[in-house]
Number of protein chains: 2
Amino acid sequence: MSRIPLPSLKRLPRYLNVLESFQSYGTDTISATDIAEELDLKPIQIRKDMAFTGIVGKPKVGYDVGALIKAIRDFIGWNDISPAVLIGAGSLGTALMRYEGFAKRNLNIVAAFDKDQNRNSDGRSSTPVYPMERLPAIVAEHEIEIAILTVPPAAAQEVTDQLVKLGIRAIWNFSSAEIQVPPHVVVRREDLSEGLAVLCVQLHELDETREKK
Amino acid sequence: MSRIPLPSLKRLPRYLNVLESFQSYGTDTISATDIAEELDLKPIQIRKDMAFTGIVGKPKVGYDVGALIKAIRDFIGWNDISPAVLIGAGSLGTALMRYEGFAKRNLNIVAAFDKDQNRNSDGRSSTPVYPMERLPAIVAEHEIEIAILTVPPAAAQEVTDQLVKLGIRAIWNFSSAEIQVPPHVVVRREDLSEGLAVLCVQLHELDETREKK
DNA sequence: CGTTTTTCGATATATATATCCCTGTTATCG
DNA sequence: CGATAACAGGGATATATATATCGAAAAACG
C-alpha cells in the first residue's frame with residue numbers, strides 16, 4: 001500500500017532529529033555521509049530515502065538543511081497541525097499528554113477522556129480530561145481524525161468501536177489488545193513488549209557470541 | 001547478527017498475547033490458522049515463526065498452547081527474571097514504572113534514579129526513586145544488566161556513558177537522542193515520533209486512495 | 001477400514017529492502 | 001585553469017522477508 005518502504009519511513013524522523021540538531025548549530029548544508037555517520041547507517045541508504053521526499057542534493061555539497069527539513073516534514077504531514085484526542089488518562093496516557101515531542105511534530109492533543117471521572121486534569125498538563133460522554137462533541141467540534149488509545153486491553157475494542165462510529169480515521173493503539181477496525185481506518189500498534197523482546201534476545205545473543213570467543 | 005529475522009521476533013509477543021488469551025479460556029491446543037485469524041496474518045508466517053522457537057506442531061491439531069507459551073518465553077528469555085534500573089523519573093519514566101506489562105514478562109525494575117532529588121517515590125508505584133549517586137551500588141548489588149533510559153535527550157549520552165562504565169549490557173532508549181555505545185552493549189531505540197510518522201503517512205495515503213475513487 | 005479434510009513442515013518462488021557499481025557534477029586545491 | 005576528490009543519483013545486484021506449492025501425517029467421518 002505504501003509508496004515509500006516502511007523502514008525508510010521510520011528512518012525519516014531520525015533524519016529530522018539530526019537535521020534539526022545541525023540547523024541549531026548554524027550548519028546550512030549537510031551530506032548523506034554526515035547523516036550516516038550520526039546514525040550509524042550507510043550514506044547510500046540515506047540518499048535512497050531522501051529520494052522519496054522529492055528533494056535533490058548537490059554534488060560535493062549535499063542537501064540544504066532547511067529545505068530538507070521542510071521536505072521531510074511535508075512528506076510526513078508534520079507541517080499541518082493534526083488535532084487528536086487521547087482516550088485513557090492512566091499513567092501512560094498522562095505521560096503522553098505531557099510529552100513535549102508531539103508539539104514539535106504538530107500533533108495537538110485537544111483533550112483526554114476517561115471513564116473514571118476522578119482522573120481530571122492535575123494541573124501539570126495543559127490538556128483537559130473529560131468524561132467519555134463529552135467525546136462526540138469534542139471530536140465533531142475540532143474535526144478530529146486521530147485518536148490515541150491508552151486504555152486497558154479489556155476496554156480497547158469497545159472504545160475503538162465508539163471512535164470509529166464518531167468518524168475517527170487513525171488510531172494509535174498503545175494497549176496490548178488487537179483491535180479490529182473497518183478498512184477506512186488505519187491502526188498503528190505501539191507495543192512495548194515488542195521492543196522488550198528484541199532487547200532481551202539481542203542481549204542473549206551478545207552473551208552467546210561472547211562465550212564462543 | 002540475529003538468527004531469527006527481526007520481524008519474526010517482533011511478532012512473538014503478539015502470539016503470546018493470543019496464546020494467553022486462549023489459555024485463559026481453557027483451550028489447550030491451537031492451530032496456526034487460529035492465530036492468524038486473530039492477528040490478521042497468514043498461517044504460513046506463523047508456522048515459519050514458530051519454527052524458530054523449536055516447537056513442533058501436530059498435523060490436523062496444531063500446537064499445544066501451554067508448551068508453545070513456554071517455548072516462546074524461553075526463546076525470548078522471559079522465563080528468567082531480569083532485574084533492571086530506570087533512569088529519569090519524569091512522566092514517561094513514572095508511567096513505565098507503573099506499567100503492569102513488565103511484571104508479566106519478568107522484567108523487574110529494581111529502582112529508578114533521577115538527578116532531581118524531589119522526584120522521589122510518590123507512593124503510587126512500588127519502585128523506589130533514588131538520586132543518581134546510589135546507581136553504582138544498586139547496579140552492583142543486583143547484578144543489573146538492563147537499563148531503561150527516560151532522560152531528556154541532552155542528558156542521554158552522559159547517562160549512557162555512566163551506565164556502560166557500570167557494566168550495563170542493554171539499554172532501552174526512550175529518549176529521541178542517538179546514543180553511542182561500545183560493541184559489547186546493545187541499544188534498543190523506542191522512538192514515539194517514528195510511530196507517529198507512520199500513522200500520519202498511512203492516514204494521508206488513505207485519503208488519497210479515497211479521492212481516486 | 002478407507003476416504004476426506006485439516007494442518008504441519010519442507011522446498012521453491014516472489015516480493016521487498018539494502019547494497020553495490022558506475023557516471024556525471026561541482027567545489028577545492030595545486 | 002586543469003586535476004582531483006567528494007558527493008548525488010540511476011541502474012544493477014544481493015540479501016532478507018513473505019508467500020506459494022507440495023507432500024505427509026493425523027483426526028474425523030462415512
Side-chain angles (χ1 to χ4, degrees), chain A residues 1-15 18-19 22 27-69 71-72 75 194 197-198 201-202 205, chain B residues 1-15 18-19 22 27-69 71-72 75 194 197-198 201-202 205:
Chain A
M1 179 175 177
S2 273
R3 299 274 298 287
I4 186 177
L6 202 63
S8 299
L9 174 53
K10 287 183 180 176
R11 282 188 293 267
L12 293 185
R14 301 180 67 191
Y15 299 156
V18 173
L19 290 167
F22 269 66
T27 315
D28 56 356
T29 179
I30 190 171
S31 75
T33 316
D34 297 331
I35 301 176
E37 211 161 293
E38 294 287 318
L39 301 178
D40 270 317
L41 298 172
K42 310 253 166 114
I44 209 151
Q45 190 166 57
I46 280 108
R47 279 195 282 266
K48 278 276 194 275
D49 290 343
M50 293 311 178
F52 288 104
T53 69
I55 200 85
V56 289
K58 228 178 176 182
K60 182 79 183 178
V61 176
Y63 303 90
D64 180 85
V65 174
L68 192 44
I69 290 176
I72 293 178
F75 183 86
E194 186 177 286
V198 176
V201 169
Q202 287 182 344
E205 281 171 350
Chain B
M1 178 178 177
S2 274
R3 298 273 298 286
I4 186 176
L6 203 62
S8 298
L9 175 53
K10 287 183 179 176
R11 281 188 293 266
L12 293 185
R14 301 180 68 190
Y15 299 157
V18 173
L19 291 167
F22 270 66
T27 315
D28 56 355
T29 178
I30 191 171
S31 75
T33 316
D34 297 332
I35 301 176
E37 211 161 292
E38 294 287 320
L39 301 178
D40 271 317
L41 299 172
K42 310 254 166 113
I44 296 179
Q45 191 166 57
I46 280 105
R47 279 195 281 268
K48 273 272 197 281
D49 290 344
M50 293 311 178
F52 288 105
T53 68
I55 200 85
V56 289
K58 233 180 175 179
K60 182 76 181 178
V61 176
Y63 303 91
D64 180 84
V65 174
L68 192 44
I69 290 176
I72 294 177
F75 183 86
E194 184 177 288
V198 176
V201 169
Q202 287 182 343
E205 281 171 350

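Side chains are part of it too, since the values below use all heavy atoms of this structure and drop only hydrogens, waters and symmetry mates. Note that the coordinates shown come from a computational prediction; the quantities given were computed from them, not determined experimentally. Numbered from 1 within each chain, the chains take letters A, B, ... in sequence-line order.
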Quickly, which of B/Arg14, B/Arg11, B/Lys10 forms a salt bridge (charged side-chain N to carboxylate O under 4.0 Å, His left out) with B/Asp49? Name it, please. B/Arg11
Send over the distance from A/Arg47 CZ to D/dC7 P, rounded to a whole Å. 9 Å
What's the CG-P distance between A/Asp28 and C/dA27, to the nearest Å? 14 Å
Rounded distance in Å - CZ (A/Arg3) to C1' (C/dA16): 16 Å
D/dT17 P sits how many Å from B/Leu6 CG, rounded? 7 Å
Between atom NZ in A/Lys48 and atom P in C/dC20, what is the gap in whole Å? 12 Å
Between A/Leu19 and A/Val65, the two heavy atoms sitting closest are O-CG1, 3.7 Å
Provide the full list of salt bridge (Lys or Arg N to Asp or Glu O under 4.0 Å) pairs with a residue in residues 32-44 of chain B, sequence neighbours left out, each pair given once. none
Identify the two heavy atoms, one from B/Pro43 and one from B/Ala32, that lie closest to each other, and give their separation to 0.1 Å. O-CB, 3.8 Å
Short of 4.0 Å, heavy atom to strand atom, which residues of residues 53-62 of chain A count as contacting DNA chain D? A/Val56, A/Gly57, A/Lys58, A/Pro59, A/Lys60, A/Gly62
Closest heavy-atom pair, A/Ile30 versus A/Val18, reported as atoms and distance to 0.1 Å, is CD1-CG1, 4.3 Å
Take atom CZ of B/Phe52 and atom P of D/dA16, then tell me their distance rounded to the nearest Å. 12 Å
Does a side-chain N or O of A/Arg11 approach OP1 or OP2 of C/dA18 to a distance below 4.0 Å, or not? yes
Identify, residue by residue, the members of residues 34-46 of chain B with a heavy atom below 4.0 Å from DNA chain C, and return them in order of residue number, or none. none
Just how far is it from atom OH of B/Tyr63 to atom CZ of B/Phe22, taken to the nearest 0.5 Å? 14.0 Å
Nearest heavy-atom approach of B/Ile55 to B/Ala71 is CD1-CB, 3.8 Å
Are any non-hydrogen side-chain atoms of B/Lys58 and B/Thr29 less than 4.5 angstrom apart? no
Separation of A/Asp49 atom CG from C/dA18 atom P, in whole Å? 7 Å
Taking every heavy atom of A/Thr53 against every heavy atom of A/Phe75, the minimum-distance pair comes out as CA-CD1, 4.0 Å
Among C/dA18, C/dT11, D/dA18, the one nearest B/Pro7 by side-chain distance: D/dA18
By the 4.0 Å heavy-atom rule, please label B/Ala32 as base, sugar-phosphate, or nothing. sugar-phosphate
Between atom CG in A/Asp64 and atom P in C/dA27, what is the gap in whole Å? 14 Å
State whether the distance check finds a donor on one side and an acceptor on the other, under 3.5 Å, for side chain A/Lys10 versus base C/dT17. no
